[in-house]
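Structure record follows, encoded as structure tokens.
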Amino acid sequence: MLDIRFIRENAELVEQKAKQKGFDVNIPHLLEMDEKRRDLLKEVEDIRAQRNTLAEQLRSAKPSEEQVEQGKALRQKMSDLEVSLKPIEKEFTNLLGTVPNIFPDDTPLGGEEANSEERKWGDKADKDFEVVDHVSWGEQRGLLDFERGAKVAGNKFYFTTGSLVQLEMALSQMAIEFVIKQNFVPMLVPHLVNSRVIDGTGFTARTKEEEQIYKIEAEDLNLIATAEIPLTAYHADETLAEKDLPKLYAGYSPAYRKEAGAYGKHSKGLYRVHQFNKVEMYVFCKPEDSEKWHQKMVELEEKFCQELAIPYRVVRIAAGDLGAAAYKKYDVEYWSPVDKSYRELMSCSNVTDYQARRLNIRYRDGSGGTNYVHTLNGTLAATSRLIISIIENYQTESGKVSIPIALRPYMGGQLTL
RNA sequence: GGAGAGAUGCUCGAGUGGUUGAAGAGGAUAGUCUUGAAAACUAUUGUGCCGGCAACGGUACCGUGGGUUCGAAUCCCACUCUCUCCGCCA
């Protein structure tokens, strides 16, 4: 959510940025509702003031017939006004909620194709044999079972088996130890959250196609699509002390995603599934520090890839690919020897105060005033995709996959899969 | 899941229809005193929205949402959460 005052003063900018993000928002209509709302609010408050004055006069005295009538009239007037205010207020709030965050001017414009490569790392030289894709590789060895996943739950569900389970857990453990060393507080979080939290974090779908969140029938509960969701809401409605910022958390949880609109290419195997496990970094900080933390978090993502020796590149996300909440976003993409291209592995966003406003997360600044915090989220380890990147990059001609050196201590010294 | 109790400001806690934005205590901040500190004393100590350059004014907020009333923290209804006891259970 943006500050309505900011929108009032920068209507054209906000509208232009929204368009460039690919969002269709009607700012003039929003401002019209805003004005209507404020006019009515003024009237309501005037009546309330009159009512309060009357009540003041009657505080101890017995009210006269006439005064009771006067009071009744005021009440009627007020409830009439409130009735007309309600739909306007509602429309206003809805409209305001649809306005996406702005983004800095140095953001590449356009969709996914406009994402710009910032830097790359690692050896992506062709191997002198044909690298087998992870699905064939995993299914041949009985380590991945999509067929039974489909039987038991449906398409895009799967069973992970045997040594791949160990790999998965080794990755998680390495990631957790990694973040602890970086002073992030590790967290296990609720996997189900109420709808206010879904809304407040900006995960509410605009269209059926974009629907990402699984809902629990007949309950106000939703499966989380990332630990970012409960971690953001962790401090909802709180005013944090300046000295306690930044707050650094790392959530480990499964991510449940409908992926309703996602089909076609890149949808095979573990790359896009309805459920995977993830270690997610999350930062609450002062507005002036968020850019610094954003850079730092991307740096950590890269460091993690480097420790695993997975070739990657960092991509600056273009306006049209930012989504509603993000102000600035980088993706880390691993090199896929199978596809001969880079594929998304991690994502790191600075959402500025967009989520903090919705969830009312503030801090008390030096002067005693309050201000919204900035929040940032970044993947450290989406284990399913990391597993793909390891199977592909660490495959040997014999078909064996050697274990990255950094992971070996977590796998009892095992050398290959 | 059943029965009961409760939810008030930074914290504890008073308040069951009208000078209550809210007593009192603690904490915090500032000042006086002191060589310094402590103690003591004094003062300050909410947030959102609307209007205003500002000083300030208006309004809302005592778990949440409705209702009764001229007037609600206080009465009524529903919901949420917490605690105690019982049941079930990894």
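Predicted, not measured: the structure shown is a model, and the values here were computed from it. In the text below, chain A, chain B and the rest are named by the order of the sequence lines, each starting its count at 1.
- As a whole-Å value, the separation of A/Glu82 CD from B/G66 C1' is 12 Å.
- The interatomic distance linking A/Glu69 (CD) with B/G71 (C1') rounds to 15 Å, in whole Å.
- Rounded to whole angstrom, the span from the CG atom of A/Asp46 across to the P atom of B/G51 amounts to 13 Å.
- With a 3.5 Å ceiling on both atom-pair distances, the Watson-Crick or G-U wobble partner of B/G27 is B/U45.
- Comparing B/C79 with B/A23, their C1' atoms are spaced 31 Å from each other, to the whole Å.
- Nucleotide B/U80 forms a Watson-Crick or G-U wobble pair with B/A7, both donor-acceptor distances falling under 3.5 Å.
- Counting to the nearest Å, the P atom of B/U47 and the CG atom of A/Asn371 are 13 Å from each other.
- Ionic pairing of A/Lys181 and A/Glu177 is not present here: no N-O contact between side-chain nitrogen and carboxylate oxygen is shorter than 4.0 angstrom.
- Comparing A/Lys42 and A/Gln70 along RNA chain B, the residue whose closest nucleotide (by nearest heavy atom) sits nearer the 5' end is A/Lys42.
- Distance noted for atom C1' between B/A60 and B/A73: 14 Å (whole Å).
- Straight-line distance between the C1' atoms of B/G1 and B/G87: roughly 7 Å, to the nearest whole Å.
- Counting to the nearest Å, the C1' atom of B/G58 and the CG atom of A/Leu81 are 16 Å from each other.
- Taking the ring axis of A/Phe159 as reference, the NZ or CZ atom of A/Arg148 does not stay both within 45° of it and closer than 6.0 Å to the ring centre.
- Rounded to whole Å, atom P of B/A7 lies 20 Å from atom CG of A/Asp237.
- Within the shown strands, B/G18 is the pairing partner of B/C70 under the Watson-Crick or G-U definition, both distances less than 3.5 Å.
- Residue A/Arg364 places no side-chain N or O under 4.0 Å from the OP1 or OP2 atom of B/G46.
- Closest heavy-atom contact between A/Leu221 and A/Leu192: CD2-CB, 4.2 Å.
- Between A/Glu299 and A/Lys303, none of the side-chain N atoms (NZ, or NE/NH1/NH2) sits under 4.0 Å from a carboxylate O, so this pair counts as no salt bridge.
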